[in-house]
Amino acid sequence: MITSNAALAKRLHPRLTNWFRQTFGEFTNAQLRCVPTVLDRKSVLLTSPTGSGKTLAGFLGVFDFLLRKMDRKEP
């Protein structure tokens, strides 16, 4: 499991990492626990309080996948 902001930032597409840092600064605990699993294309159930970054935790893996697909220029 990734436990640091730097480690998760290294796993994400560079454009996504830059956008995230400019917009939010640091990953929340919920994101640190969930995003690596999503990046590994595994299922995860995340429960966390309102405002903890759950929605973005789920979408970061999807955004990463799409950016990498765009880089490969796949249809």
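Asp64 contributes no side-chain N or O that, together with a main-chain N or O of Leu12, makes up a donor-acceptor pair within less than 3.5 Å.
In Arg15, the CZ atom is not crowded: 12 or fewer heavy atoms of neighbouring residues, nucleotides or ligands sit closer than 6.0 Å. Residue Phe59 qualifies as open at atom CZ: its count of foreign heavy atoms under 6.0 Å is 12 or below.
Atom OG1 of Thr17 sits about 6.0 Å away from atom CZ of Arg21, to the nearest 0.5 Å. Taking CG from Asn5 and NZ from Lys10, the interatomic distance works out to 12.5 Å, rounded to the nearest 0.5 Å.
Under the 4.5 Å side-chain contact rule for hydrophobic residues, Val35 and Leu66 do not share a cluster. Clustering ILVMFWY residues whenever any of their side-chain heavy atoms sit less than 4.5 angstrom apart, transitively, puts Leu39 in the very cluster that holds Trp19. Phe24 and Leu67 fall within the same hydrophobic cluster, where Ile, Leu, Val, Met, Phe, Trp and Tyr residues are linked whenever their side-chain heavy atoms come under 4.5 Å apart, directly or through other members.
Scanning all heavy atoms of the two residues, the minimum distance from Ser4 to Leu32 falls at O-CD2, 3.5 Å.
Two residues are said to be in side-chain contact when any heavy atoms from C-beta on lie closer than 4.5 Å; Leu56 and Phe27 fail this criterion. Under the 4.5 Å side-chain criterion, counting only non-hydrogen atoms from C-beta, Gln31 is in contact with Phe20. Counting only heavy atoms from C-beta outward, the side chains of His13 and Asp71 approach each other to under 4.5 Å.
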Only distances under 3.5 Å count here; give the side-chain donor-acceptor pairs of residues 41-52 to other protein atoms, sequence neighbours excluded, each with its distance to 0.1 Å.
residue, atom, partner, partner atom, Å
Ser48, OG, Ser52, OG, 2.7
Ser52, OG, Pro49, O, 2.6

Checklist entry - Step by step, would you call Leu16 with Leu60 a side chain to side chain contact (heavy atoms under 4.5 Å, CB included)? => result CA-CA 8 Å; Leu16 185 56; Leu60 283 171; 4.0 Å; yes
